[in-house]
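Working notes, beginning with the structure itself.
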2 protein chains.
Amino acid sequence: MRMDARKQDILLAIITDYIATAEPVGSRTIARKYRLGISPATIRNEMADLEDMGYIEQPHTSAGRIPSELGYRYYVDYLMKRQELTPEEEGLIRKSYHQKVRDVGEVIQRTGQLLSQLTKYAAMVLPPKIGTSRFKYIRLVQLGFEQAMLVAIMDSGTVHHRIIDIPRGITSEDLETISAVLNAKLQGRTMDSIKLTLVKEIYFELVKHKHIIELAMELLQDSLTRQPEDRIYLGGILNILNQPEFHNVEKVKTLLSLLEQESLLCNLLADDVGKEGVTVRIGREIRCRQMSNCSMVVATYRLKGKPVGSIGVLGPTRMDYARVVTVVEHLTKNLSRALEDLLGGWDK
Amino acid sequence: MRMDARKQDILLAIITDYIATAEPVGSRTIARKYRLGISPATIRNEMADLEDMGYIEQPHTSAGRIPSELGYRYYVDYLMKRQELTPEEEGLIRKSYHQKVRDVGEVIQRTGQLLSQLTKYAAMVLPPKIGTSRFKYIRLVQLGFEQAMLVAIMDSGTVHHRIIDIPRGITSEDLETISAVLNAKLQGRTMDSIKLTLVKEIYFELVKHKHIIELAMELLQDSLTRQPEDRIYLGGILNILNQPEFHNVEKVKTLLSLLEQESLLCNLLADDVGKEGVTVRIGREIRCRQMSNCSMVVATYRLKGKPVGSIGVLGPTRMDYARVVTVVEHLTKNLSRALEDLLGGWDK
DNA sequence: TGTTAGCACTCGATCGTGCTGAGTGCTAAA
DNA sequence: TTTAGCACTCAGCACGATCGAGTGCTAACA
């Protein structure tokens, strides 16, 4: 059995209708709503074929058909039509990105908000990856006798800080010295590139200040190379609860328990970092059993051409792919541009 | 009609049972489970009295009784017995606070986790209030030609940063100058205390550097005095969904939509900051209509004796007050102590 | 006077039943 | 090849009967 134009029309009609109504679609409905010029009986025959081919399925004998994962896949790959944003929506996006920002986090957050607002599903945004951003400025500030704060500003506009213990004898001047050396050696390097050779260099630089070298080394080894825990923007979870597929509390609970595991989400999002364009994962294509009735739409944003993070939407498999793909595409571009504007001129 | 010992016993039994089972309690159940030495019939009479007095109510004619808000209030005020933590739980807390921390945020987060873990309800923690913490160190770092990063370390261990625009002519040295003046003038001051007189002082200090004074002033007026948006730790929402009162999706939705409004929660928590001991708000005592079937247990933690933030638990009105109050009390003390250990020695 | 046993009554929850309507597959005619 | 017609299926819903937990009242009892 081969797919032909009429089968495609019918499959498209079924998926369109199901996405809109969340109800199984019958042959009658299609004949009435989508003027394909054929009768319900004919449609029934074709639907039987489509079911054999695995594109649609029947929840029970006396119900209409719903798309299978394969059906959605076919839809996304071949049938889906681009859906432009309305001028109002375009305006909303533009306005949002034209506001003054004080922080990269703010850009991330705004993107996430737009994403969930425009799609009505849950939105996820992975902030610029720390490993690939470059040190811009590092400083140790003495706090008490035994503690100091390490502050590092990265060229991705993020600031990292942590409290570190210092031996009692260390003075503010010692910390200045270490700060100066670290600055000189690390400026412009990425976290990932702090290798042994570099550590050695710093070692020799500091060897004249014997008493602080221990601290400096420990600091490098431990504080800087240990990745901070993954953070992620997650919003619009409420949207997803409005979807009829989450009308039962058990489903809500499993979903929420997944969404609480940030690191899991980070991995899911990170999987597609670097791919061109928008990636759609349908149902079990997300490698996560409890999300088998969900789909994800993910795209990578870039800074100076290099992929640094990604944004994604999570919704039921019955999601409005056409719309979501358009929105994700748009926002990826806008986010890349916004970051470029904010951070592009930082190379002094 | 007056409350007597037997009525108290019965009320206590009803509330205890209802907290444990979430089912209306009948006279028979009480006679069977709680050996009060009286028959169901007598209990029925007393229950009728308790209902007249407003401490319990009947969901419908042929059901048992459930505590009213007034009943819970009476329970919390007069009947509730202290409930000690098990040695395992004590151990868990101790272990958690003995881990090395890199950041005040980490202490906050750990407290929140413990709170939700130990109570099985939702936990909220308000981080140390920024307005009352003192500047420890301020610095402007040039990023590009037109942007700089302002970093401020507070003695509450938090770090604030934001990107600011600078006029094109400003050099790194100018920024150093401003940094130095800001440091000298602001160190040890609180955000709240940055008043006009202080601003004037800084003005005169910088008057010799005419070209940067504009920037510095703007910075003070705008960046520093404008409060950053409220942050709050919120966790264990999943716990609360396991409570039978949230078995219907509508309730879950209204609750989640409330919990998404962080500023609202902050206000609720902040209401009780400064009060001694643990505050219990039952049902409509939380001034928030949509939370009328919830209760909050809140306590203030301190740094050097001064209240700086608060921690709280949110659960259904039918919550295990005895346990929650104990846990909140414990964690408040532990949190205060942990912050003291971390930040206490920072006065140089 | 306070306590208790007995009894009639109430009412939510549960379960079975039958009906309805949307939808199908099959057959035979166009 | 398409379509009209028809028998069949089955989830969802409304209806009614039954069940049982729990009450309030009354009368007897200590």
Side-chain angles (χ1 to χ4, degrees), chain A residues 1-11 13-15 17-18 20-68 71 244-245 247-248, chain B residues 1-11 13-15 17-18 20-68 71 244-245 247-248:
Chain A
M1 204 157 352
R2 290 196 47 77
M3 184 62 104
D4 57 26
R6 194 168 67 183
K7 283 196 177 56
Q8 285 191 339
D9 288 346
I10 293 174
L11 182 56
I14 292 174
I15 295 185
D17 206 77
Y18 187 66
T21 66
E23 297 289 330
V25 243
S27 51
R28 195 192 179 70
T29 317
I30 295 181
R32 210 174 346 102
K33 281 214 235 171
Y34 306 83
R35 328 216 112 277
L36 302 179
I38 44 180
S39 79
T42 312
I43 294 173
R44 277 205 287 282
N45 288 329
E46 297 285 30
M47 278 163 85
D49 290 352
L50 284 170
E51 186 165 359
D52 284 344
M53 294 158 78
Y55 292 124
I56 56 180
E57 43 200 34
Q58 223 175 350
H60 57 263
T61 330
S62 69
R65 304 305 214 292
I66 62 174
S68 67
E245 23 274 278
H247 261 20
N248 106 41
Chain B
M1 204 157 351
R2 291 196 47 76
M3 183 62 101
D4 56 27
R6 194 168 68 184
K7 283 195 177 56
Q8 286 191 340
D9 288 346
I10 293 175
L11 182 56
I14 293 174
I15 295 185
D17 205 77
Y18 186 65
T21 65
E23 298 289 331
V25 242
S27 52
R28 195 192 178 71
T29 317
I30 293 181
R32 209 174 344 102
K33 280 213 235 172
Y34 306 83
R35 332 214 109 278
L36 302 179
I38 44 180
S39 77
T42 312
I43 295 174
R44 278 205 286 283
N45 288 330
E46 296 286 32
M47 279 164 88
D49 290 351
L50 284 170
E51 186 165 0
D52 284 345
M53 295 158 78
Y55 293 124
I56 56 181
E57 44 199 34
Q58 222 175 350
H60 56 263
T61 330
S62 70
R65 305 306 215 288
I66 62 174
S68 67
E245 23 274 278
H247 261 20
N248 105 43

Integer-rounded Å distance: [N] [atom2] and [X] [atom1]:
{"X": "B:Ile66", "N": "D:dG22", "atom1": "CD1", "atom2": "C1'", "value": "14 Å"}
{"X": "B:His60", "N": "C:dT10", "atom1": "NE2", "atom2": "C1'", "value": "9 Å"}
{"X": "A:Ile38", "N": "D:dA4", "atom1": "CD1", "atom2": "P", "value": "12 Å"}
{"X": "B:Glu46", "N": "C:dT1", "atom1": "CD", "atom2": "C1'", "value": "14 Å"}
{"X": "A:Ile10", "N": "D:dT2", "atom1": "CD1", "atom2": "P", "value": "10 Å"}
{"X": "A:Asp17", "N": "C:dA22", "atom1": "CG", "atom2": "C1'", "value": "14 Å"}
{"X": "A:Lys7", "N": "D:dT1", "atom1": "NZ", "atom2": "P", "value": "11 Å"}
{"X": "B:Ile43", "N": "C:dA5", "atom1": "CD1", "atom2": "P", "value": "11 Å"}

Next item on the list: Classify the side chain of A:Arg28 and the base of C:dG23 as holding, or not holding, a donor-acceptor pair under 3.5 Å.
Entry: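 No.
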
Below 4.0 angstrom from OP1 or OP2 of [N], is there any side-chain N or O of [X]?
{"X": "B:Arg65", "N": "D:dG24", "answer": "yes"}
{"X": "A:Arg6", "N": "D:dT1", "answer": "no"}
{"X": "A:Ser62", "N": "C:dG23", "answer": "no"}
{"X": "A:Arg44", "N": "C:dT27", "answer": "no"}

Notebook entry, point to check: Does B:Asn45 or B:Thr61 map to a spot on DNA chain C nearer the 5' end, using the closest nucleotide for each?
Noted result: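 Nearest nucleotide further toward 5': that of B:Asn45.
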
Note to self: Within the structure provided, determine whether A:Ile15 and A:Pro67 are in side-chain contact (heavy-atom separation under 4.5 Å).
What the structure shows: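 Contact flag for A:Ile15/A:Pro67 side chains = yes.
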
Notebook entry, point to check: Looking at A:Arg6 and A:Glu46, does any basic side-chain N land under 4.0 Å from a carboxylate oxygen?
Noted result: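 The answer is yes: the pair qualifies as a salt bridge.
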
Notebook entry, point to check: Testing A:Arg32, A:Arg28, A:Lys33 for salt bridge (charged side-chain N to carboxylate O under 4.0 Å, His left out) with A:Asp17, which one passes?
Noted result: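 Option passing the salt bridge (charged side-chain N to carboxylate O under 4.0 Å, His left out) with A:Asp17: A:Lys33.
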
Margin query: Considering every strand and a 4.0 Å limit on heavy-atom distances, what is the contact class for B:Thr42: base, sugar-phosphate, or nothing?
Written below: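 B:Thr42: base contact, heavy atoms under 4.0 Å.
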
Next item on the list: Indicate, with a heavy-atom threshold strictly under 4.0 Å, whether A:Ala63 touches base, sugar-phosphate, or nothing.
Entry: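 The answer is sugar-phosphate, as A:Ala63 gets under 4.0 Å only of primed atoms, P, OP1 or OP2.
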
Checklist line | side chain to side chain contact (heavy atoms under 4.5 Å, CB included), paired with B:Ile43, selected from B:Thr29, B:Ile30, B:Ile14 | finding: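 So, applying the side chain to side chain contact (heavy atoms under 4.5 Å, CB included) to B:Ile43 and each of B:Thr29, B:Ile30, B:Ile14, only B:Ile30 qualifies.
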
Notebook entry, point to check: B:Arg65 and B:Glu57: salt bridge (Lys or Arg N to Asp or Glu O under 4.0 Å), yes or no, with the steps?
Noted result: CA-CA 5 Å; B:Arg65 305 306 215 288; B:Glu57 44 199 34; over 6 Å; no

Next item on the list: Give the nucleotide from the list D:dG24, D:dA4, C:dT4 with an atom nearest to the side chain of A:Ala41.
Entry: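 Of the options given, the side chain of A:Ala41 lies nearest D:dA4.
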
